[in-house]
Amino acid sequence: MNQHRKLPKILWLACAVAALGGFLFGFDMAVVSGILPLITKQFSLAAFQQGWFVSSALVGCIAGVAMSGELGDRFGRRRILLLAAVLFMMSALGCGLLPTFSSIIVARILGGVGVGIASSMVPLYISEIAPAKIRGRLVTYYQLAVTLGILVAYLSNAFLVETALSTVDDASGWLGVWFHEEVWRGMFIVGALPALVFWLGLLGIPESPRWLLQKGQTGAGMALLARFVGEEEATADLESRQRQGQRQSSYRELFSSQLRKPLLLGLLLPFFSQFCGINAIIYYGPSILSTTGVSLSSSLQSQIIFGVANLAFTLIAVWKVDKLGRRPLYLVGTLAAALSLMVVGGCLYGENTQGWLLLFSVIVFLASFAFSIGPLKFVVAAEIFPSHIRAKAMALSIMVMWVADTVIGQLTPLLLEGIGTAFTFWFFALWCMLAFVAVYRLLPETKGKSLEDIESEWLEKSK
């Protein structure tokens, strides 16, 4: 613990500011849950329009991730995060102020582009400024910020709905619109404040030192890297980089025999994170709680309960990822997730939904996801690829996550209708077991190793 106190303030400041991108990611994706029924009533939306309102941001996410790798390599991590912050602000203000449904959709797409950029660039930036001994913890702060953003979105939605119901009639102007007449606009507007803080914070932190080194700016890069990780680690990293030489990045190299194993990991882990069933649990969480006899006054309150659980259990990953390592947490988490989903399916199949076994199994699954499957995909993807191609590889990895998210969103209703709720959860349990096998066979331990050492080990193994 004393070692951690000696770490420079600039490191903690840069990580905190960057993690705000994760907070906005979580907030932007979760705030829609409270907005959808209100905006549906406002614009008399058909089922297709409701689906487009939700998924339009996902279209932006895929576009944002697709461009983030190339832009991040060309212009730097910090500048692209500044672009994401501007897009977040434009989206929040646009959705809150624009009059037509079509214009709101455009704003949603812009926000999605910001989410896509942040989901790739934030963990990449943090991994490149973090000392090896606590890199896992610092990258995991990103996932912690995502879960915090989700929780704050649920809380702000609940607060604004309560305010709208009890507000006085003399509210006028935009204030009256945001907090009384069209409260869903206020839900969007709230997101502009953290976006502004994110933008201002980015102005006060430096560029990634490893990006500067990648661009041949050795003096500036080494001086900055030494401030972040210390002279000894910075010198060792530079020597390792010089031994390997400077190389240009291309997507073709990702598919070479040397990077086949890292690429497979980088694609499978985000894929498994979506096919493990987290979205189904979150979606069915309120109804599962109600069947166990827990009294909930509204669906928003039930969302808050699951948001708190997700946030709390993510702290386990923050606490243990650099002590226990990535591999043990992943193995324990995937196995526990599989077993808990099997029990959930068994309870639903046997219609045993009145006791606490079902609720306990859901909480175990949330815990397992929050300390392993959820955050560690970002940690691993941010550290297993060579420096010269890391941004492009990270973008491709996160792209798989968003595509898998889209697929599972369309597939889940079909599974529920076709094979039933119990077998759907067993289907997700199967994917958790496949994740366990993949991690057991493919994932090496990377805790405490510098990014350059990890790169050297991959290259040695491929010879």
Side-chain angles (χ1 to χ4, degrees), residues 1-26 72 77-78 81 84 118-149 198 201-202 204-213 224-230 232-234 236-237 269 311 313-330 370-372 374-385 387 390-391 394 397-398 445-455:
M1 187 64 71
N2 291 334
Q3 286 180 319
H4 291 174
R5 290 197 187 104
K6 295 178 182 178
L7 293 169
K9 292 181 180 179
I10 187 175
L11 174 64
W12 299 111
L13 175 64
C15 287
V17 170
L20 275 174
F23 177 91
L24 287 162
F25 168 12
R77 315 331 188 192
R78 177 175 163 272
L81 286 174
S119 65
S120 170
M121 281 293 112
V122 171
L124 176 64
Y125 176 83
I126 294 176
S127 74
E128 291 186 340
I129 65 172
K133 62 185 178 183
I134 58 167
R135 186 175 58 247
R137 173 182 294 189
L138 295 183
V139 176
T140 304
Y141 282 145
Y142 168 71
Q143 178 68 18
L144 184 66
V146 173
T147 62
L148 182 60
F198 184 40
L202 286 167
I205 64 173
E207 180 54 79
S208 161
R210 285 185 165 97
W211 180 80
L212 294 174
L213 291 172
L224 193 54
L225 187 60
R227 289 180 67 191
F228 280 119
V229 305
E232 183 178 348
E233 186 173 333
D237 287 359
L269 296 188
L311 175 66
F313 289 120
T314 303
L315 289 171
I316 297 175
V318 173
W319 177 37
K320 289 296 185 182
V321 66
D322 286 311
K323 294 180 179 179
L324 297 178
R326 290 68 160 141
R327 182 179 166 86
L329 282 178
Y330 241 127
F371 74 71
S372 63
L376 294 186
K377 63 178 178 288
F378 296 117
V379 176
V380 172
E383 62 187 13
I384 61 174
F385 294 104
S387 57
R390 190 173 295 127
M394 190 76 181
S397 179
I398 303 302
E445 186 51 69
T446 56
K447 71 171 182 177
K449 299 176 181 177
S450 73
L451 295 175
E452 287 70 25
D453 285 342
I454 295 170
E455 178 178 349

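The structure presented is a predicted model; accordingly, all values stated were derived computationally and were not measured. The first residue of the sequence shown is numbered 1, and numbering continues consecutively from there.
Between L81 atom CG and S208 atom OG the span is 10.5 Å, to the nearest 0.5 Å. In this structure, CG on L376 lies 9.0 Å from CD on Q143, to the nearest 0.5 angstrom. Of the inter-residue distances, the one linking T140 atom OG1 with R135 atom CZ reads 11.0 Å to the nearest 0.5 angstrom.
Annotation: side-chain hydrogen bond (donor to acceptor under 3.5 Å, both in side chains) contacts of S119 (sequence neighbours excluded): W402. Take L148 and apply the side chain to side chain contact (heavy atoms under 4.5 Å, CB included) test, not counting sequence neighbours, and it matches F23, V152, L311. With sequence neighbours excluded, the residues that form a side chain to side chain contact (heavy atoms under 4.5 Å, CB included) with A234 are M222, L225, A226, V229. For T314, the side-chain hydrogen bond (donor to acceptor under 3.5 Å, both in side chains) criterion is met by no residue, not counting sequence neighbours. I10 pairs by the side chain to side chain contact (heavy atoms under 4.5 Å, CB included) definition with P8, P206, R227, F228, not counting sequence neighbours. Shown here are the ring pair (Phe, Tyr, Trp, His ring centres under 6.0 Å) partners of Y142, two or more places apart in sequence or in another chain: F378.
Minimum heavy-atom separation, F371 to L329: CE1-O, 3.8 Å. Of all heavy-atom pairs between I126 and V139, the closest is CG2-N, 3.8 Å. Summarising the geometry of G21 relative to A118, their closest heavy-atom pair is O-CB, 3.9 Å, with the distance given to 0.1 Å. Between A19 and A145, the shortest heavy-atom distance links the atoms O-CB, 3.1 Å. Looking at every heavy atom in both residues, I129 comes nearest to P209 through CG2-CD, 3.6 Å. Of all heavy-atom pairs between G201 and V17, the closest is C-CG1, 3.4 Å.
Using a distance-only test at 3.5 Å, with no hydrogens or angles considered, a donor-acceptor pair links the side chain of W211 to the main chain of G72. A donor-acceptor distance shorter than 3.5 angstrom exists from the side chain of E207 to the backbone of R77, with no hydrogens or angles considered.
Annotation: side chain of Y125 is not in contact with side chain of L202 (no heavy-atom distance under 4.5 Å). Y141 places a side-chain heavy atom less than 4.5 Å from the side chain of L138.
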With side-chain contact (heavy atoms from CB on, under 4.5 Å) as the criterion, how do F25 and V122 come out once you've worked through the C-alpha distance, each side chain's angles and the decisive distance to 0.1 Å?
CA-CA 10 Å; F25 168 12; V122 171; over 6 Å; no
